[in-house]
Amino acid sequence: MDVLHRLKPSQLTLILRIAETGQLQRAAQMAGLSQPAASRMLNEIEQRAGGALFDRYPKGMLATPLGEIVSRRAQVILEEYDALEREARRITTGEMGQVRVGAVTGPAVGLIVPAVRRVKAAAPDIEMTIEVGPSTELVRGLVEGRFDFVISRLPAEHDSRDFRLYPARSEIVSLLVRPAHPLAGRTEVTLEELQGYEWVVQEIGSPIRQAVERAFHEQGLGGPQRITNSSSLLVVLSLLEGTDTIAPQAMEVAQMLTVGQTALGITSLNLAEPISVPPCFIIRNRFRPLPAASERVLQAVLELL
């Protein structure tokens, strides 16, 4: 019925209240109207509908067949309005919505996951997308609008003035080995002692690999020579099993794999001097406002720093 599409929520409410109470005066009070205003509104609605919606009796009003149809549809429309208002309010307050973030491995485990747990405990209807990748791909995705914010390093080809940057934690590199490795459990293991072993390392140019190579070079040593190149954690775990391979990983990843319920029977070497990676930044587009739900996750990340 086309008339319903032209009626305002206040008019639909009046129709529904008259149908519920059978009294124009009572319906007007419930709708926040005076009785004369309600009477005029009802007459206008009936003119648009092309017929009476209610039969008038000395002791009340009763819906006509046309009025029953209009009342039933009015209830459905008002329920949809209410649902729309609730969902809009929840989106604007950050209680629901879609959040898309990206991070390099260490901050993904150490910052993004704890922040998401905290936010979803209070707002479980937020839908999260978390991607892990290298900084170049993450920042490219941020520029293209595929992420709300990322935690990564800013590649040299990007202008920092295009972004808002918040300093994040520095990454520490842990060297994972099997518990039966000859150096496992030793204190103050030196880099020189590590040179002769097999390594499984991220591809050339990755921050962790650069940090490992730089640590060796700063001590006047040649870097690892017997290397398998792989960023796959499954490959890493497979090579650690039953061999003396050494696998550098972000400290947060190493803790997840060696401590607590997620421990997988591997351990970290105790280095004499820590190996650190240049710090990451929390990066967001300077010119693109964040949705409320994304802002909520960002604030949770900042609180964890």
Side-chain angles (χ1 to χ4, degrees), residues 1-101 115-130 144-149 284-285 287-301:
M1 181 178 293
D2 291 341
V3 65
L4 286 178
H5 297 293
R6 297 193 297 271
L7 294 182
K8 300 177 182 179
S10 59
Q11 295 171 313
L12 295 172
T13 300
L14 177 62
I15 294 170
L16 196 56
R17 297 296 172 257
I18 296 174
E20 290 173 348
T21 65
Q23 300 287 333
L24 180 62
Q25 183 176 1
R26 179 60 179 153
Q29 292 174 345
M30 295 173 67
L33 299 169
S34 66
Q35 183 170 343
S39 181
R40 289 193 299 271
M41 182 180 290
L42 177 58
N43 289 334
E44 180 183 346
I45 296 169
E46 289 180 324
Q47 288 177 5
R48 291 187 181 182
L53 301 185
F54 299 94
D55 289 326
R56 280 73 165 171
Y57 298 99
K59 293 186 177 181
M61 305 173 69
L62 186 65
T64 65
L66 177 59
E68 290 179 354
I69 295 174
V70 173
S71 299
R72 188 164 57 248
R73 296 300 181 186
Q75 182 171 3
V76 172
I77 293 172
L78 288 172
E79 288 175 352
E80 287 297 319
Y81 273 129
D82 289 342
L84 175 61
E85 183 179 355
R86 287 194 301 271
E87 290 191 16
R89 183 170 58 251
R90 295 183 71 196
I91 288 176
T92 56
T93 58
E95 295 179 36
M96 66 181 297
Q98 294 186 340
V99 181
R100 303 162 300 170
V101 299
V116 168
R117 286 175 178 165
R118 180 179 299 183
V119 169
K120 286 185 74 67
D125 290 333
I126 290 178
E127 181 178 338
M128 288 296 311
T129 298
I130 305 172
E144 294 172 353
R146 291 188 286 110
F147 299 117
D148 298 316
F149 66 89
R284 56 179 289 190
N285 192 302
F287 309 107
R288 186 181 301 131
L290 288 180
S294 301
E295 185 70 46
R296 189 169 188 166
V297 175
L298 174 60
Q299 292 304 314
V301 170

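Each salt bridge (charged side-chain N to carboxylate O under 4.0 Å, His left out) pair with one or both residues in residues 24-47, not counting sequence neighbours, appears once here: E44-R48, E46-R56.
The closest donor-acceptor contact from the side chain of T64 to the backbone of L53 lies under 3.5 Å. Checking side-chain atoms of K120 against main-chain N and O of D125 turns up no donor-acceptor pair under 3.5 Å.
A heavy-atom distance below 4.5 Å is not found between the side chains of V99 and P291.
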Would you give me the side-chain donor-acceptor pairs under 3.5 Å for residues 10-17, sequence neighbours excluded?
unit_1	atom_1	unit_2	atom_2	d
Q11	OE1	K8	N	2.8
T13	OG1	P9	O	2.8
R17	NH1	E20	OE1	3.1
R17	NH1	E20	OE2	3.3

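When all heavy atoms are compared, the tightest approach of R288 to G145 is NH1-CA, 3.7 Å. The two residues A293 and M96 make their nearest non-hydrogen contact at CB-O, 3.8 Å. Closest approach of N285 and F287 over heavy atoms only: OD1-N, 2.8 Å. Considering every non-hydrogen atom in both A115 and V297, the closest pair reads CB-O, 4.3 Å. Nearest heavy-atom pair across R296 and A123 is NH1-CB, 3.8 Å. Here the closest heavy-atom approach between residue F54 and residue S71 is recorded as CZ-OG, 4.2 Å.
For I130, the side chain to side chain contact (heavy atoms under 4.5 Å, CB included) criterion is met by V101, I112, V116, M128, not counting sequence neighbours. Qualifying side chain to side chain contact (heavy atoms under 4.5 Å, CB included) partners for E127, counting only residues two or more places apart in sequence or in other chains: Q98. For R284, the side chain to side chain contact (heavy atoms under 4.5 Å, CB included) test picks out F149, R164, Y166, L290, E295, L298, with sequence neighbours left out. Every residue two or more places apart in sequence or in another chain that forms a salt bridge (Lys or Arg N to Asp or Glu O under 4.0 Å) with R146 is listed here: E144.
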Under the side chain to side chain contact (heavy atoms under 4.5 Å, CB included) criterion, do M61 and L42 qualify, and how do the steps go? CA-CA 12 Å; M61 305 173 69; L42 177 58; 3.6 Å; yes
Under the side chain to side chain contact (heavy atoms under 4.5 Å, CB included) rule, what do M41 and L33 come out as? Steps first, then yes or no, please. CA-CA 10 Å; M41 182 180 290; L33 299 169; 4.0 Å; yes
